[in-house]
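To find a chain, count down the sequence lines: A is the first, B the second, and so on, and within it residues start at 1.
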Amino acid sequence: MGTDKQGYPNFPARPTSSPFASAPPPGIPPQSGGPVPGSDGYRPFPPSASQPTRPFTPSGPPPGPPLGAMRPGQPSPVSPYVSQIPGSRPPPPSLNSFPPTAYGPPGGAPFQRSPPPPFPATQNLPRGPPPTQTLAGHLSPPVSLRPQQPVAPVTMGPPPQSMTSGPPGPNVSPPAADFHMASRPGFPQSMPPVTPSYSQPYTPGYSGTQVLQAPPMPFQTFPPVSSYPPHAGGFAQHPNMAAQQNLHPGYTPPSSNVQGLVEDFNSLSVSSIPGSLDPGVDHKSFPRPLDGDVEPNLFAEMYPMNCHSRYLRLTTSAIPNSQSLASRWHLPLGAVVCPLAETPEGEEVPLIDFGSTGIIRCRRCRTYVNPYVSFTDSGRKWRCNICSMLNDVPGEYFSHLDATGRRMDMDQRPELTKGSVEIIAPTEYMVRPPMPPIYFFLIDVSISATKSGMLEVVAQTIKSCLDNLPGYPRTQIGFITFDSTLHFYNMKSSLSQPQMMVVSDLDDIFIPLPDDLLVNLSESRNVVEAFLDSLPLMFQDNVNVESAFGPALKAAFMVMNQLGGKLLIFQNSLPSLGAGRLKLRGDDPRVYGTDKEYALRGAEDPFYKQMAADCTKFQIGINVYAFSDKYTDIASLGTLAKYTGGQVYYYPGFESSVHGDKLRHELARDLTRETAWEAVMRIRCGKGIRFSSYHGNFMLRSTDLLALPAVDCDKAYAMQLSLEETLLTTQTVYFQVALLYTASCGERRIRVHTSVAPVVADLGEMYRQADTGSIVSVYTRLAIEKSLSTKLDDARNAIQQKIVKALREYRNLHAVQHRLGSRLIYPESLKFLPLYGLAICKSTPLQGGPVDASLDERCAAGFTMMALPVKKLLKLLYPNLFRVDEWLLKPSVNHNDFKDVLRRLPLAAESLDSRGLYIYDDGFRLVWWFGRMLSPDIAKNLLGDDFAAELSRVTLKEQENGMSKKLMRLVKKLRENDPSYHPMCFLVRQGEQPREGFLLLRNLIEDQMGGSTGYVDWILQLHRQVQQNG
Amino acid sequence: MAWDLFLWILSFFISLALIASVFYQVICLTDLEADYLNPFETSSRINRLVIPEFILQGSLCILFLLTWHWVFFLVALPVTCYHAMLYNERRYLIDVTEVFRGISFEKKFRFTKLGFYIFLFVMVVFRLTLSAVYSFTEDDDLLHLF
């Protein structure tokens, strides 16, 4: 019933229905247009309630028929039943008996009390057009303009009640309620037989008491006559009315209704007694994201043509309509975009070729054609949904409109039905011929590189990936190695062995030969393989400790700047020679806490920023792999990756026996994943709003154009928007992400993601539609950026303050109506925000002081987190912890049944039982925690003979027994879940200090460790601050 | 007297050059905002001018000090100090990678400086005419005496 409750109240509110009911033009029996999607569900006669084109997927029981039936008194049924009633309506009695009641104005007593809804029906009857079926007063003005669409963008009145359930709170649309009032009193009297079947479906939503309780009040506040206008033109009133209704204090459920109160928002009762040791808080009841990230599905259902949330996630799916409202929304207003997110099989983005027609774009704002544009003038014109400019439809693209105003060829045009499409770009979108995929390697071969085995692993991995590099046969490849000198390699295809050329003049770099340093892989395959085979041997006796990194980078830049490409840097020590040499400014703990602290986290030498900018300019993307166990100034090296859209891989103290697998996997992934070359990304949005700041690894080429020399599925970008006009007049706001790139196959393509969000006037609505994952993602990036210009403490406090402000505003919103007492209240949508806020403060880049993480680790984690997509970031912030020993002992039936074991536990020390075996998985490493009392059998089975040895020396290998095999299957499964990084296994035994603390205990973020705050204290702190200045 | 006139003519040209330089920088920044220039060009164009501007402004300031025009010296001093501070903190160049983040500040900074230079320019022109008139009238007087 719970789900029903959640599901049902939505339906009256679903905006999808309204446009369609109004869609059929005069004279056309609506039911004749079979494919008109969305219309069926709401008609009293459901010819095909389960038509596949229905714009939404009901979450509950099939809602269509009951819904339609629910409000027979509405206007829309009128024409249907004039023309079609007799056959198609399942319960004839209701039909037959209904008209009289509807027509007879003086009808029964109920109608006198609540006449409006039925009456418009009668009034409308004589008119030609099937009158609108005004469902919920969320009607969009553009309805009449694009009636053919399955979903017209409409203002979202009531939200899909994701958090509230049950009582028609302020978020239940008034007109919907009107209908219930109206039909309820009417039906039972006039047609008793119908009542059971009709009333049943909706009663769950409005539980009896509520329906009965909610008195005809709405009628008084809103003259229904005006709320059911027969024409689309009148719809514009509705959203306002809905908004008014929302704000109308009188309409909230009677405050005596305790249940309603509780369900309106979530609360934690925090009776903080000052000075008391026991906070009086039940921390077990605190919300924890143990189910992982929950995407805002209801929103996707409401606008099924929006692109999937994996590509674009708004921080709130309700855009404030005024600057004053936006300023009360203290959470970030923006989006997280992952333009190339990996798609599950079967949901690939459709590829479209407009051919000679050229790409259909708005003349004025350059918006790409998308499902939300509307065609008018019998198909000769289309109206841009972003700037509402009327554009001509090119002759080749013309298609007749059907009776509903929908294009006939809609089904063959994915760009008009799907939120995400990929368009093949003609030559106008190229400034030069599409570049081939280029991989250039800059490898440190000084003594530490050979000693650690890095060189060998890298050479092997590159060799093994040669077959899988994207873009065969155009792929190009090249190498430079360096220690105190630079080594170039001539890989001309006619050679049998590569020729090595040494350049030792570091001050005036020159390229020893113009071509053949960067060669076509398929032509020079043998030479490249010969080179990779001999690379580790060539330098195995190298004793050079210097690193001429800067000059080598310049040389690589000179080789690559003709074409661009991807530059992979393998760096093993601090750059010590030539331009860009760095000092050992290192981890000086005394700097922490002073004003100079942040300087350590920025690039030391402007050389790096300048190089990064130059690389971006010439379409070179840089990935940095750093291996040293000593200080290597990742802050400076990482700058290269940050501004060229790359990423930083950091393997502190690399040893091939330990980290080899991780490097192998991650390098292979880097080389073989689908990459978009020489890309630029822009996000367009409607008039009145503007994206004002961008956060992530990229460089801005102009105010709103992100330059991304090489971009792939593991990169996401956050952006914040601001309102330019004091008041937004539109009902909806559209966002369109366009990524113009060269695919590895050599095609120039544009990936377009379109999304729509309603504009609201109500702060509560914004809170209800908030998306914690996206907000946390933006916050993390803001905090990391802030840590580059202030102290860590300030960055952490800023996060805390932001959360406090948001919660305080929410509290103020409800404090008027409810006695909140000493409770911390928060919307259901943000219930995990405090915990994630704590997790941000305890994440590697921001945690503690100098002793908690080395500077390099901090910076590397910071660069990584700036690029992570939402889901991976959330997993890193609040990692999975689960117990496996019980599962291991259980004889398993199904080999792949991991459901039982993957039950997440709160990240607190009390979750750990000393008799258990636990896995901690944050996406980057797997920590195995062996309890002290864990049965030796398990340990022996899993670890073989070394089970008693110190676990830091033991690696997890598959043993010859079922239990171990089972475990390895689990590990494999966990790694497959997220292929972008290869989590390394660490084994640790309870009480094994300091490893245990370092690997696991410190990451149990709900606990108080050292100077950091625990979850309970954090909540108390937040609560105190929320109340203080409230 | 001829020295005085020479000083003011020199200051006149220096302050004119300063105005021109800052004006050009402001134009570059507005062009960047309007997307007529890309960050790479903008920053290289502006950064090319920054050090010469600092040197000119500094030498003007020292010139005033040496010639003991202390009012002018005090007027020019704050900017010189600010420039010295920027130089010491290595913040004097436009950061090409983060141009857009700092653009509003950079623009405000340059507008303020432009206003300041114009003020200085007006003062210099005033003193220039004054000293020119003096020197000529004196000469004339001398001529008339003959």
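With ring centers used as reference points, A:F618 lies under 6.0 Å from A:F557.
For A:E724 and A:K687, the salt-bridge test fails: no basic side-chain N is under 4.0 Å from an acidic carboxylate O. At a threshold of 4.0 Å, the pair A:E597-A:K791 does not count as salt-bridged, since none of the basic side-chain nitrogens sits closer than that to a carboxylate oxygen. Between B:D95 and A:K609, at least one side-chain N (NZ, or NE/NH1/NH2) sits under 4.0 Å from a carboxylate O, which counts as a salt bridge.
Listed by sequence position, B:E33, B:D35, B:N38, B:P39, B:F40 are the residues of residues 31-48 of chain B in contact with chain A, using a 4.5 angstrom heavy-atom cutoff. Chain A is approached within less than 4.5 Å, heavy atom to heavy atom, by no residue from residues 102-125 of chain B. Within residues 9-26 of chain B, no residue approaches chain A closer than 4.5 Å by heavy atoms.
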Please set out all donor-acceptor pairs under 3.5 angstrom arising from side-chain atoms of residues 72-81 of chain B, sequence neighbours excluded.
| from | atom 1 | to | atom 2 | distance (Å) |
| --- | --- | --- | --- | --- |
| B:T80 | OG1 | B:Q57 | OE1 | 2.9 |
| B:T80 | OG1 | B:A76 | O | 2.9 |

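A:L700 has its side chain out of reach of A:L705: every pair of non-hydrogen atoms, C-beta onward, lies at least 4.5 Å apart. Between A:M681 and A:V737, the closest side-chain pair of non-hydrogen atoms falls below 4.5 Å. A 4.5 Å side-chain heavy-atom check between A:L637 and A:Q571 finds at least one atom pair inside the cut-off.
Ring-plane geometry between B:F64 and B:W8 is classed as tilted, the angle between the planes lying from 30 to 60 degrees on a 0 to 90 degree scale.
Side-chain contact, A:Q323 with A:T726: no donor N or O sits under 3.5 Å from an acceptor N or O. No hydrogens or angles considered: nothing links the side chains of A:R684 and A:T367 as a donor-acceptor pair under 3.5 Å. A side-chain N or O of A:Y643 and one of B:E98 form a donor-acceptor pair less than 3.5 Å apart.
More than 12 heavy atoms of other residues, nucleotides or ligands shown are found within 6.0 angstrom of NZ on A:K802.
Interface check for chain B: of the options A:K642, A:M699, A:K617, the most heavy-atom pairs under 4.5 Å are formed by A:K617.
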